[in-house]
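Shown next, in structure tokens, is the structure this report addresses.
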Amino acid sequence: MRALFVDLIARLRAQPVVLAALAVLAASLISFLFSPIKSISWPGFEPGFDSYSLLSLLSYLVLFGVIAAHLRTEAQLRRLLWVLTGAAVLLGAYGVAQRFGIELFKDEALSSGRVTLTFGNPIFASAYMLMTIPLTLALWQSYRTHYTTAVHTALGGALVSFQVFAAVFSLSRGPNIALAFGLIIFIALVAGVYGRKPAVGPAGSIGLALAFVLAMNFVPVPGLADSSSQLGDRASTIGSELGGGLAGRYIIWEKSWELFTAIPWVDNDRYSELPSLPLPRLRRIFGYGPDLFGDVYQIAGGAGEGNGGGALARHAHNFPLHTLVELGLLGLLAYLALIAAVAYVLFGFLRSARHAATPSLVGYLTIGMSTVLAARLLEQMAGKAQISDLALSWTLAGVVAALAAMQAQSTASTVNPGNRRATPPTPKRRTRTNLGRQPDLKGTTILSALVVGAAIIAWWQVPLAEAQSLVLSAHGVNAGLEGNSILAGELFNEAIDVSPGVTVSRLLLVQGLVNAADTDPDPVSAKAALDAAYDINNGTRDRHPTSYRAWQFAGRISAAQAQLDPNLWSVAIHDSQVAAHLNPGQWVSLEQLSWVRALSGDSEGALEAARAAKGLGAETNADAYRTYYLEALLEGQRGNFAASDAALAVLETFDRPNVPILVDEIRALPR
């Protein structure tokens, strides 16, 4: 046993990338163990969504581990790269079609001309292409001796043209700046490692791709009057983006640093239903917990990407800051160690490639992955990683670890760049215990079958169930829009049964029950619907106790219940107070609190909450007219007509169909 342990330690020492990946896992596990909301840190704030939960990290590490452990030959490496780049070429081609109004997976084509591919967001699409373009160039350079220079350059340009098109016409400034930076690095590394002449080919391929993009810019786009100026207009805003255009990011970065230094949390003494924060002084060391950034940002009163009152951020839009908040210094150091380990291994291969006589797949791949690392680091200083680019990042980290293992097992100090195949690993020394022993194929087959079966069951119970639940919820929404509330309720219930952890289904069902109660003339059946809605909403609060939306729903439901049973007004006020406490940086929860207090007869408390909502920028939101209506009404009822008229003047500026009716109601108050 001791010998096995010593052998394992020796192997890990030769694998800095694997050691660093284990450090990331260890830091994440420690952060998870001290997380105040493990029900969020384990599967994520919403199962099935992009998140930074421990479960998501484990899935990436499995992918990393399989590649690091089993990728051992150049043939395997070449197949993997063709899968990655081939898929990227197809995605790029889809982006070309999407740009010109051909949409395969949606009922309606986009009219903005921005390419989103299948990622749902143009920024995520370009962030992915940012990595696949250098990989495609690197893979294709290993075939340089198969063609004449002109043919090889032209074919390389064809391979990357669609990808460059998709990246450029995503019109995402951050990833495109990083892509331009990366392409310059790629050419510089090729020239530095192999000389200026070999750099002409990839430079020519990039030039052809850019020429293709420029030519396609002048092709008319359906739905856009002057599409040819769109690319130039977007590029011209880069300077302003670097200057004042990042104002929203600056707000998030400043608040994120405050989360790390000040360690804000809920008032657990006042609201005992909310979770406590163990060991708050050590949170800088191990963070709040995986995927809890959004909750802490909300609790600290963080504003959105625009001005106050915008959407709350669930990511710092900066890799180091986000990691500091969720995983603490341990997590940041672990990720920095992973980056350093990858860079160290790549640098060693670059040095080896520079002294080789001819270029090779490994040498060019090292250049491609070095380019990806540099461009990715730049992009992540203001970006947000998602499932697609995170999975590819961990895949490439696994490739780097596999290359290090191939190097360690070879008889030479590095993989021979002149060979078509990597040097085979040195055979293990036979001992008395394994001398002559044949592989246990039967046992291996059984073990493999068990692992595959367990993976299928896990997939069926988690990702597939979550996807099914969301699809059922979408059908329920459509049924509700068509007026079939009974079918909508059945679909929402089925969605909850399929995957109880998906809170979207619960919230939609709660919304439907509340709407049904509002229009039900029978007090008994209305009360039953409200009671059911409150119980279902409690399931959301149990899983996510710091979700201000769940508490807002609770306050809204209990206020409706209190109109049938006045004894419940204290519950309604309490629920709305908790929602406002959890979301102190936005006006929405305070507006609800003001309404609940007004309905309960507490006009003074209602005015106080309405004024607080105004102070958070409610006048900039079209839905906030109710706040000014309530203020004007309550001030008028108190005889304070100067304040009432001031609120009324703001109310009249809102362009809503029912605003004139509300204005007439206030003007009709006796003076």
Side-chain angles (χ1 to χ4, degrees), residues 4-5 7-32 42-44 51-81 83-84 131 135 290 323 327 330-331 333-346 349 362 365-366 369 372-373 376 385 387-409 415 422 425 428 443-459 462-463:
L4 289 175
F5 180 75
D7 181 65
L8 177 62
I9 295 299
R11 288 175 179 270
L12 288 177
R13 284 179 177 175
Q15 278 282 21
V17 179
V18 174
L19 271 178
L22 291 175
V24 170
L25 174 60
S28 301
L29 285 172
I30 292 172
S31 182
F32 169 74
W42 167 244
S51 73
Y52 297 82
S53 65
L54 183 60
L55 181 60
S56 295
L57 175 65
L58 289 176
S59 67
Y60 301 137
L61 287 173
V62 168
L63 181 63
F64 165 85
V66 169
I67 293 173
H70 295 286
L71 186 64
R72 288 295 180 269
T73 68
E74 183 177 310
Q76 291 176 314
L77 181 60
R78 196 175 292 275
R79 287 196 296 269
L80 174 61
L81 290 173
V83 168
L84 295 176
M131 295 187 285
L135 290 179
T323 305
L327 305 181
L330 285 178
L333 290 175
Y335 272 107
L336 291 178
L338 178 61
I339 294 169
V342 170
Y344 172 77
V345 172
L346 291 176
F349 275 101
V362 173
L365 176 59
T366 303
M369 290 192 295
V372 170
L373 179 63
R376 181 75 168 153
I387 287 178
S388 51
D389 44 313
L390 277 174
L392 182 54
S393 297
W394 279 103
T395 297
L396 297 181
V399 171
V400 175
L403 290 176
M406 292 163 65
Q407 183 184 48
Q409 291 176 359
V415 176
K428 293 183 180 180
T444 302
T445 302
I446 293 175
L447 178 61
S448 300
L450 291 175
V451 170
V452 171
I456 291 175
I457 293 173
W459 173 76
V462 184

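Just the heavy atoms: all of them, side chains too, but no hydrogens, waters or symmetry mates, feed the values below. For clarity, every value in this text was computed on a predicted model and none was experimentally measured. We count residues from 1, following the sequence as given.
Contact between Phe349 and Leu403 at its shortest, heavy atoms only, is CZ-O, 3.4 Å. Ser51 and Ser56 get closest at one heavy-atom pair: OG-OG, 3.5 Å. Ala21 and Leu338 get closest at one heavy-atom pair: N-CD1, 4.0 Å. Heavy-atom minimum distance, Phe64 versus Val18: CZ-CA, 4.1 Å. For the pair Ile387 and Tyr60, the tightest heavy-atom approach, listed with the atom from each and the gap, is CA-OH, 3.4 Å. Nearest approach of Ala334 to Ala27, heavy atoms of both residues: CB-CB, 4.2 Å.
Take Ser28 and apply the side chain to side chain contact (heavy atoms under 4.5 Å, CB included) test, not counting sequence neighbours, and it matches Val24, Leu54, Leu57, Leu327. Residues passing the ring pair (Phe, Tyr, Trp, His ring centres under 6.0 Å) test with Phe32, sequence neighbours excluded: none.
Met369 has its side chain within reach of Leu135: a pair of non-hydrogen atoms, C-beta onward, lies under 4.5 Å apart. A heavy-atom distance below 4.5 Å is not found between the side chains of Ile339 and Tyr344.
For Gln15 (side chain) and Ala404 (main-chain N/O), no donor-acceptor pair under 3.5 Å exists by modelled atom type. Of the possible polar contacts, one joining the Tyr52 side chain to the Ala385 backbone as a donor-acceptor pair under 3.5 Å is found. Judged purely by atom type and a 3.5 angstrom limit, Gln76 uses its side chain to pair as donor or acceptor with the backbone of Arg72.
Here Leu71 contributes atom CG and Met406 contributes atom CE; the two are 6.5 Å apart, rounded to the nearest 0.5 Å.
For the side chain to side chain contact (heavy atoms under 4.5 Å, CB included) with Leu63, the qualifying choice from Ile67, Val66, Leu61 is Ile67, the only one to do so.
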Identify every side-chain donor-acceptor pair in residues 392-399 under 3.5 Å, counting partners at least two apart or on other chains, and give the distances.
{"unit_1": "Ser393", "atom_1": "OG", "unit_2": "Arg376", "atom_2": "NE", "d": "3.4"}
{"unit_1": "Ser393", "atom_1": "OG", "unit_2": "Asp389", "atom_2": "O", "d": "2.7"}
{"unit_1": "Thr395", "atom_1": "OG1", "unit_2": "Ala391", "atom_2": "O", "d": "2.8"}

